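Read through the structure below, which is laid out as structure tokens, and then see the notes.
Model, not experiment: these values are computed from the prediction.
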Amino acid sequence: MPHATGDDPVVTGHRVTFDDGAHVRTIRTRVAQHLVGRTRELDLLLAAVAAGRDVLLEGPPGTSKSTLLRSITAEWGIPLVFVEGNADLTPTRLVGHHDPARVLREDYSPENFVPGPLVEAMRSGGFLYVEEFNRAPEDTLNTLLTAMAERRIAVPRVGTVEAEASFRVIASMNPYDTIGTTRLSTSVHDRLCRLVIGYQDAEAERGIAGRRTGLESPRLLADAVALTRATRERDDLRQGSSVRGAIDLALIAAQLAAIRDVQLPAEPSVAPPRGLPEEYTDIVLDAMLLALSGRVFLDETLETTPETVLREIWQDHFLLHPAAAEPG
């Protein structure tokens, strides 16, 4: 990271000076090569971390939160220290512990301290990325509050750990999943900038699916993305699938086509035309059930199954919509 200002680290992380704006723009250009779309989100996240801010990325799974962050740290040359938020993430696991065997031989000392991800990120000037942030216990989050507020933490029998200038805390959470989560306190929200990241548009998701799968079938990619996006629009689904479902759907369908010796249609349109070969649409249905049935979550008040809902979406896409678009 470029040279930073002399900000009081008790108030903020170090900011990138305006003199280094050209460097940040160069990073932005290089990071954009790893992404499909996300221009606005990239600008906002880069601006936040360059301003010395810690950030909460809020959005459903499969919306490029991790990809965005990994690309920034890779191009900026900053370590990315990953930790998963869950009930087992205690303050000791986060900060570190003394090696029990060495303690028995040597007693407690800074030399036999095994740093946890927080101390590792602070010492290396890395980004501490806490995924599923709202699943971590409250006392663990309080440990992070100290690190964010003061850019230093006191470790018993080790001393004070001072964070390097480029240290940041980046958290992510899925606002639609409330099972096993805790409500974040106002103290947590007060120390984090919040960037909401939603699903991208259909064109961007087709681009992502094409890049991730390497498939050269516009028909299959368009169908996989359209079917997956339709799961997010159903009233009987509490949560639909991310673009990861479209990627798996397309890959599985392509393999099924090879196994069953079925030719993928050459029709390049985004909307499904009438009269697509039944052997192709059957393959897409099988791939859809396999790829998406575990990724969609039903409204708990309804008595139905994921397979039933997915079959209805498949029928709408391949039968009803083309018929409505070309009546007669």
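Residues Leu94 and Pro117 have side chains in contact (heavy-atom distance under 4.5 Å, counting atoms from C-beta outward). No side-chain heavy atom of Arg191 sits less than 4.5 Å from a side-chain heavy atom of Asp54. Within the 4.5 Å cutoff, the side chain of Ile313 has no heavy atoms near those of the Asp316 side chain. Within the 4.5 Å cutoff, the side chain of Thr90 has no heavy atoms near those of the Pro137 side chain. Looking at Glu132 and Asn86, their side chains never come closer than 4.5 Å, going by heavy atoms from C-beta outward.
The closest side-chain donor-acceptor pair between Glu267 and Ser269 falls under 3.5 angstrom.
Among all heavy-atom pairs drawn from Leu249 and Ala224, the shortest one is CD2-CB, 4.0 Å. Arg151 and Gly52 make their closest contact through NH2-O, 3.9 Å (heavy atoms, listed as atom of the first residue, atom of the second, distance). When all heavy atoms of Trp76 and Ala50 are compared, the pair lying nearest together is CH2-CB, 4.2 Å. Nearest heavy atom pair, residue Gly210 against residue Leu221, reads CA-CD1, 3.8 Å. The two residues Ala250 and Leu220 come nearest to each other via the heavy atoms O-CD2, 3.5 Å. Counting all heavy atoms, side chain and backbone alike, Gly294 lies closest to Phe297 at O-CZ, 4.1 Å.
Both Tyr129 and Leu45 are members of a single hydrophobic cluster when ILVMFWY side chains are connected at heavy-atom separations under 4.5 Å. A continuous path of Ile, Leu, Val, Met, Phe, Trp and Tyr side chains, each step under 4.5 Å between heavy atoms, connects Met148 with Val119, placing both in one hydrophobic cluster. Residues Leu227 and Tyr199 do not share a hydrophobic cluster, clusters being chains of Ile/Leu/Val/Met/Phe/Trp/Tyr side chains in contact below 4.5 Å. No single ILVMFWY cluster, assembled from side-chain heavy atoms under 4.5 Å apart, contains both Ile252 and Leu292. Neither Leu289 nor Ile283 shares a network with the other; the hydrophobic side chains, linked directly or stepwise wherever heavy atoms of I, L, V, M, F, W or Y lie under 4.5 Å apart, form separate groups for each.
Screening Val188, Asn174, Leu184 for a side-chain contact (heavy atoms from CB on, under 4.5 Å) with Asn134, the sole residue that qualifies is Leu184.
With values rounded to the nearest 0.5 angstrom, Gln239 atom CD is found 12.0 Å from Arg295 atom CZ. For the atom pair Phe167 CZ and Glu120 CD, the distance stands at 11.5 Å (nearest 0.5 Å). With rounding to the nearest 0.5 angstrom, the CG atom of Leu256 is 8.0 Å from the CG atom of Leu290. In this structure, CG in Asp223 is found 10.5 Å from CZ in Arg206, a value given to the nearest 0.5 Å. Atom CG of residue Asp299 and atom CG of residue Leu237 lie 9.0 Å apart, to the nearest 0.5 angstrom. In this structure, Leu89 CG and Asp139 CG are separated by 9.5 Å, a value rounded to the nearest 0.5 Å.
Of the possible polar contacts, one joining the Arg211 side chain to the His34 backbone as a donor-acceptor pair under 3.5 Å is found. Checking side-chain atoms of Arg234 against main-chain N and O of Ala230 turns up no donor-acceptor pair under 3.5 Å. Side chain of Arg232 to backbone of Ser241: a donor-acceptor contact under 3.5 angstrom is found. In terms of modelled atom types and a separation under 3.5 Å, the side chain of Ser64 and the main chain of Thr67 share no donor-acceptor contact. Checked by atom type and distance alone, the side chain of Arg38 pairs as donor or acceptor with a backbone atom of Thr63 at under 3.5 Å. In this structure a side-chain-to-backbone donor-acceptor pair under 3.5 Å is present from Ser166 to Gly125. No donor-acceptor distance shorter than 3.5 angstrom exists from the side chain of Arg93 to the backbone of Thr140, with no hydrogens or angles considered. Panel note: side chain Lys65, backbone Gly59; a donor-acceptor pair is recorded below 3.5 Å. Side-chain atoms of Arg219 do not come within 3.5 Å of backbone N or O of Pro265 as any donor-acceptor pair.
Summarising the hydrophobic clusters (Ile, Leu, Val, Met, Phe, Trp, Tyr; side-chain heavy atoms under 4.5 Å, direct or chained), the residues clustered with Leu302 are none. With a 4.5 Å cut-off between side-chain heavy atoms of Ile, Leu, Val, Met, Phe, Trp and Tyr, the cluster of Ile208 takes in Val36, Val243, Ile247, Leu251.
By the 4.0 Å N-to-carboxylate-O rule, Arg212 lies too far from Asp248 to be salt-bridged with it. Ion pairing between a basic and an acidic side chain is recognised when a charged N comes within 4.0 Å of a carboxylate O; Arg260 and Glu279 show no such pairing.
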Are Arg30 and Thr26 close enough, and set up right, to give a side chain to side chain contact (heavy atoms under 4.5 Å, CB included), and what steps lead you there?
CA-CA 6 Å; Arg30 295 209 302 259; Thr26 300; 3.4 Å; yes

Run Arg168 and Val55 through side chain to side chain contact (heavy atoms under 4.5 Å, CB included) and show every step you take.
CA-CA 8 Å; Arg168 302 286 186 272; Val55 183; over 6 Å; no

Can you check side chain to side chain contact (heavy atoms under 4.5 Å, CB included) on Phe133 and Leu192, steps first, answer last?
CA-CA 12 Å; Phe133 188 61; Leu192 292 165; 4.0 Å; yes

Using side chain to side chain contact (heavy atoms under 4.5 Å, CB included), reason through Leu118 and Val161 one step at a time and then give a plain yes or no.
CA-CA 10 Å; Leu118 174 58; Val161 177; over 6 Å; no

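Atom CD of Glu138 has 12 or fewer neighbouring heavy atoms from other residues, nucleotides or ligands inside a 6.0 Å radius.
The side-chain contact (heavy atoms from CB on, under 4.5 Å) search around Thr281 returns Leu276, Glu278, Trp314, Phe318, not counting sequence neighbours.
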